[in-house]
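I have placed the structure first, in the form of structure tokens, so that the comments after it can refer back to it.
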Number of protein chains: 2
Amino acid sequence: MSRVVRDSIQILQAQGYKVTKPRRQVLEVLEEVQRPLSPYDIQRLLRQEGKYLNHVTIYRILDLFCCLNLAHKVLSSGGFVKCSLEGKGGCHRLMVCRCCGALQEFASEGLCQEENELAQNSGFHTEYHLSESSGVCSDCYKKQ
Amino acid sequence: MSRVVRDSIQILQAQGYKVTKPRRQVLEVLEEVQRPLSPYDIQRLLRQEGKYLNHVTIYRILDLFCCLNLAHKVLSSGGFVKCSLEGKGGCHRLMVCRCCGALQEFASEGLCQEENELAQNSGFHTEYHLSESSGVCSDCYKKQ
DNA sequence: TCATAATTGCAATAATGTTGCATTTAACAT
DNA sequence: ATGTTAAATGCAACATTATTGCAATTATGA
Ligand SMILES: [Mn+2]
Ligand SMILES: [Mn+2]
Ligand SMILES: [Zn+2]
Ligand SMILES: [Zn+2]
């Protein structure tokens, strides 16, 4: 079991949520594939491993995970809402490879500050932000 | 008719697309409300004005507008894909007010460059990026 | 092992997206 | 103006995604 999954389970417990089989399974599959997955993607992947989860359950689990910052939503190619495991705390700078779908996450205090300042210049009070880049990852770039 | 709408119509013509009533109506409503709208949002708004457009038509029109950069998709509160008229060319830095849904767009060469550099450090080749901030606009901030 | 509240699954329904084809319409030539 | 034609729209049918209420199940702590 990976570190991220173990941490997530601990957070669930600490907050008084049950550590159920469905919740573990969703965590595992998100960690396994390392790219954004929609609720139905998750259902399909689990089914391939012979595990069945009702889609409603998956929706509710993902809602909870987002609430607890164990996962978050990203805008992916095609515009669908996907979820991926949270990497570093609070960061939402993502790079999605348009070839293989791989997702990388990185943090930048500098960028955050600059963005906030620019927003404030027009009177906007930022509470949260998300930045997504679409492009080609290093692996896919080599293969071309 | 606003400047943005006029420009958009000209682009349609220049590229050999027909300037139809449905296309004009979608342009107008997007310009009117100044916030992101889903295809069905647009249908509902137009219906309120006594105008009827089939949802399939709206999907096709929005696809075209995105292609021509007359509109683009944003990740809005709740995760739905919305569209708004394109402001300045190529820019995709958005601020969405979580109170009133108002959307502002701004450009920043500096931010773009910095983001690209950071991405390249991990071997990622950026082709396109989107940055969205959620928060409170100046109007809503005053009212609180 | 038992009690209990939290969680899940199920059924029904709603909302959103997609495709093929008949009908209409904007643009252009007469 | 009128007719011609390709492009665009509307319609029907269908597929996928999302939400809600309630009964059955399960993780937790006593
Ligand atoms: Mn993140
Ligand atoms: Mn833009
Ligand atoms: Zn890749
Ligand atoms: Zn506002």
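Basis for what follows: all heavy atoms, side chains included, without hydrogens, waters or symmetry-related copies. In the text below, chain A, chain B and the rest are named by the order of the sequence lines, each starting its count at 1.
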Exercise. Which residues pass the side-chain contact (heavy atoms from CB on, under 4.5 Å) test with B:N116, sequence neighbours left out?
Worked result: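 Listed in chain order: B:T126, B:H129.
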Distance, rounded to the nearest Å, where [X] contributes [atom1] and [N] contributes [atom2]:
| X | N | atom1 | atom2 | result |
| --- | --- | --- | --- | --- |
| A:L64 | C:dT8 | CG | C1' | 13 Å |
| B:Q15 | D:dA7 | CD | C1' | 16 Å |
| A:L37 | D:dT17 | CG | P | 13 Å |
| B:Q43 | C:dT16 | CD | P | 10 Å |
| B:Q25 | D:dT9 | CD | P | 10 Å |
| A:D63 | C:dT7 | CG | C1' | 14 Å |
| A:Y40 | C:dT16 | OH | P | 14 Å |
| A:L12 | C:dA6 | CG | P | 15 Å |

Problem set entry | Under the side-chain hydrogen bond (donor to acceptor under 3.5 Å, both in side chains) test, residues paired with B:D7 that sit two or more places apart | B:R3
Problem set entry | Under the side-chain hydrogen bond (donor to acceptor under 3.5 Å, both in side chains) test, residues paired with A:R6 that sit two or more places apart | none
Exercise. Which residue pairs satisfy the salt bridge (Lys or Arg N to Asp or Glu O under 4.0 Å) criterion with at least one member in residues 133-144 of chain B, sequence neighbours excluded?
Worked result: none
Exercise. B:Y59 side chain N/O closer than 4.0 Å to the phosphate oxygens (OP1, OP2) of C:dG17?
Worked result: yes
Exercise. Counting only non-hydrogen atoms, which of residues 44-57 of chain B are less than 4.0 Å from DNA chain D?
Worked result: B:Y52, B:L53, B:N54, B:V56, B:T57
Exercise. In terms of hydrophobic clustering (I, L, V, M, F, W, Y; side-chain heavy atoms under 4.5 Å; direct or indirect links), are A:F65 and A:V29 co-clustered?
Worked result: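 Yes, it is one cluster - the side chains of A:F65 and A:V29 are joined through contacts under 4.5 Å.
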If the condition is salt bridge (charged side-chain N to carboxylate O under 4.0 Å, His left out), which residues does [X] pass it with, not counting sequence neighbours?
| X | value |
| --- | --- |
| A:E28 | none |
| A:E127 | B:R98 |
| A:R47 | none |

Exercise. Nucleotide by nucleotide, 5' to 3', does protein get under 4.0 Å of the base (B), only the sugar-phosphate (S), or neither (-) in nucleotides 24-30 of chain C, counting heavy atoms?
Worked result: -BBS---
I'd like a table of donor-acceptor pairs (distance under 3.5 Å, sequence neighbours excluded) in which one partner is a side-chain atom from residues 48-62 of chain B, with atom names and distances.
residue: B:E49; atom: OE1; partner: B:K51; partner atom: NZ; Å: 2.8
residue: B:Y52; atom: OH; partner: B:N54; partner atom: ND2; Å: 3.4
residue: B:N54; atom: OD1; partner: B:V56; partner atom: N; Å: 2.9

Exercise. Does the base of C:dG9 carry an N or O that pairs as donor and acceptor with the side chain of A:R60 under 3.5 Å?
Worked result: yes
For this session: Please step through side chain to side chain contact (heavy atoms under 4.5 Å, CB included) for the pair A:M95 and B:S122, ending with a clear verdict.
Result: CA-CA 10 Å; A:M95 298 172 291; B:S122 33; 3.6 Å; yes
Tabulate below the donor-acceptor pairs under 3.5 Å that side-chain atoms of residues 9-21 of chain B make, not counting sequence neighbours, or state none.
residue: B:T20; atom: OG1; partner: B:R23; partner atom: N; Å: 3.3

Exercise. If we fit an axis to the first five pairs and another to the last five of the helix from C:dT1-D:dA30 to C:dT30-D:dA1, what angle do they make, to the nearest 10°?
Worked result: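 The end-segment axes of the helix from C:dT1-D:dA30 to C:dT30-D:dA1 are tilted 40° relative to each other.
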